[in-house]
Amino acid sequence: MIKRFILLGAPGVGKGTQAKKLSDHFGWSHISTGDMLRKAVQKGTPLGQQVKVYVEKGDLVPDNLMVELVKDRLDEDDCRHGFLLDGFPRTVPQAKKLDAFLDDRGLGLDGVISIEISDEEVVNRLSKRFVCVDCGFIVVGDDKTSRDRHCPSCGGTLAKRQDDEVDTIRHRLNVYEKSTRSLIEYYQKQNLYVRIDGMGSVDAVYERILNTFGIKPDRNHDSN
Ligand code: AMP
């Protein structure tokens, strides 16, 4: 079952967690542009040096850089089995370039899943979020207990993301409203947009996504 999905939603709605679950289960490639950028920053690559300030402040990296990064990634072999884009596109120009790229290859999107929660819940979740620096596993907890704990998935170190400070979270929410929310209308016009309520447990949200798309968890890697 080759599928090509986009996960939309403000920071902190659980896109990364849901993308990981879906892609692990169905064998789709999980493409998180935020993770790609953070890795580049961590390694100090030329791309990392170019994007560091944007990522740390919660501002959007310029479209041309993002589009080239994603196009190269989507041309890699593993994406032939399907992919989930998490964090891309974030602007209408990025979405248009993605459409053109897929069109050139005779491909299209199967759906755009937008996970929605209130801004207050975003602030609440992100200010308690710790991320494993090795595998990206997300842990929600309070500062004191989580800082010294290890990743329950791989045993790696848990750390707070620099952009998860309250002021930066609020800034990222504003950036989302200003630049990314217009994508909803863009994908509604293409009949691809589906809104998912992001409140409740990870499993409850996952089930909502599967139900909405009629995806059966017992099928794996069929051809399209
Ligand atoms: P995320 O992990 O998706 O919240 O992304 C973290 C940061 O990476 C964002 O605040 C932006 O600075 C940058 N970023 C990730 N994806 C994009 C994108 N598609 N366009 C522009 N900037 C991005």
Side-chain angles (χ1 to χ4, degrees), residues 4-20 22-23 29-43 45 47-74 83-102 109 112-117 119 121-123 125-140 158-184 186-187 198:
R4 299 176 193 90
F5 284 115
I6 289 173
L7 277 172
L8 272 187
V13 297
K15 296 189 298 293
T17 305
Q18 295 298 332
K20 212 168 173 356
L22 285 159
S23 50
S29 297
H30 172 199
I31 302 175
S32 158
T33 45
D35 282 352
M36 290 164 83
L37 296 173
R38 275 186 294 279
K39 265 190 199 132
V41 171
Q42 215 177 12
K43 287 188 181 156
T45 65
L47 172 72
Q49 288 166 23
Q50 260 178 301
V51 303
K52 186 173 192 294
V53 176
Y54 298 100
V55 174
E56 287 177 355
K57 282 193 180 163
D59 285 328
L60 292 186
V61 172
D63 287 340
N64 57 336
L65 279 180
M66 293 311 303
V67 168
E68 289 314 308
L69 182 73
V70 170
K71 275 170 37 175
D72 285 349
R73 180 67 188 87
L74 290 179
F83 59 76
L84 270 168
L85 280 167
D86 160 12
F88 183 94
R90 259 174 155 98
T91 64
V92 171
Q94 289 182 13
K96 287 185 172 163
K97 295 275 189 205
L98 175 65
D99 280 350
F101 171 88
L102 293 174
L109 293 167
V112 176
I113 302 162
S114 176
I115 305 177
E116 304 271 335
I117 60 175
D119 285 2
E121 181 65 13
V122 166
V123 176
R125 285 187 191 180
L126 290 190
S127 48
K128 292 185 191 156
R129 172 166 81 173
F130 288 78
V131 183
C132 173
V133 294
D134 297 318
C135 75
F137 192 87
I138 292 166
V139 173
V140 176
L158 295 177
K160 245 184 138 63
R161 271 173 54 171
Q162 187 154 359
D163 57 353
D164 278 348
E165 298 304 329
V166 174
D167 286 350
T168 316
I169 295 169
R170 296 225 180 258
H171 177 63
R172 287 160 67 206
L173 282 169
N174 287 337
V175 169
Y176 178 80
E177 281 304 321
K178 212 174 97 208
S179 308
T180 310
R181 205 167 257 292
S182 49
L183 285 177
I184 291 178
Y186 181 83
Y187 287 119

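All ligand and atom numbering here is 1-based and tracks the order in the structure. Keep in mind that what you see is a predicted model, and the values were worked out from it rather than measured.
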Side chains of D119 and Y176 only: does a donor on one sit below 3.5 Å from an acceptor on the other? no
For ligand 1, indicate whether the residue [X] contacts it via side chain, backbone, both or neither (heavy-atom separation under 4.0 Å).
X    : result
K57  : neither
D86  : neither
H171 : neither
Q94  : side chain

In plain terms, say whether [X] and [Y] are close enough for a salt bridge, that is, a side-chain N and a carboxylate O under 4.0 Å apart.
X    : Y    : answer
R172 : D164 : yes
E116 : R181 : yes
R161 : D163 : yes

List the closest protein heavy-atom neighbour of [atom]: residue, atom name, distance to the nearest 0.1 Å.
atom                    : value
atom 13 (C) of ligand 1 : L37 CD1, 3.4 Å
atom 2 (O) of ligand 1  : R38 NH1, 3.0 Å
atom 7 (C) of ligand 1  : V55 CG1, 4.2 Å
atom 22 (N) of ligand 1 : V61 N, 3.0 Å
atom 1 (P) of ligand 1  : R90 NH2, 3.5 Å
atom 16 (N) of ligand 1 : T33 OG1, 2.8 Å
atom 10 (O) of ligand 1 : G58 CA, 3.8 Å
atom 12 (O) of ligand 1 : D59 O, 2.5 Å

Inspect the surroundings of CG in D167 and state if more than 12 heavy atoms from other residues, nucleotides or ligands are less than 6.0 Å away. no
Should we count OH of Y54 as having more than 12 external heavy atoms under 6.0 Å? no
Please confirm whether D163 comes within less than 3.5 Å of ligand 1 when only nitrogen or oxygen atoms on both sides are compared. no
N or O contact, G87 vs ligand 1, cut-off under 3.5 Å: yes
Between K97 (side chain only) and P89 (backbone N and O only), is there a donor and an acceptor less than 3.5 Å apart? no
Taking L8's backbone N and O only, do any of them form a donor-acceptor pair with K15's side chain (distance below 3.5 Å, no angle check)? no
Number the atoms of ligand 1 from 1 as they appear, then name those within less than 4.0 Å of a heavy atom of [X], with their elements.
X    : answer
R172 : 4 (O)
R161 : 1 (P), 2 (O), 4 (O), 6 (C)
Y54  : 12 (O)
M66  : 16 (N), 17 (C), 18 (C), 19 (N), 20 (N), 21 (C)

Atom pair NE2/CG of H30 and L7 - distance to nearest 0.5 Å: 7.5 Å
Which atoms form the tightest heavy-atom contact between V166 and S127, and what is the distance? CG2-CB, 4.3 Å
Would you verify whether the NZ or CZ of K71 falls within 45 degrees of the ring axis of F101 while also being under 6.0 Å from that six-membered ring's centre? no
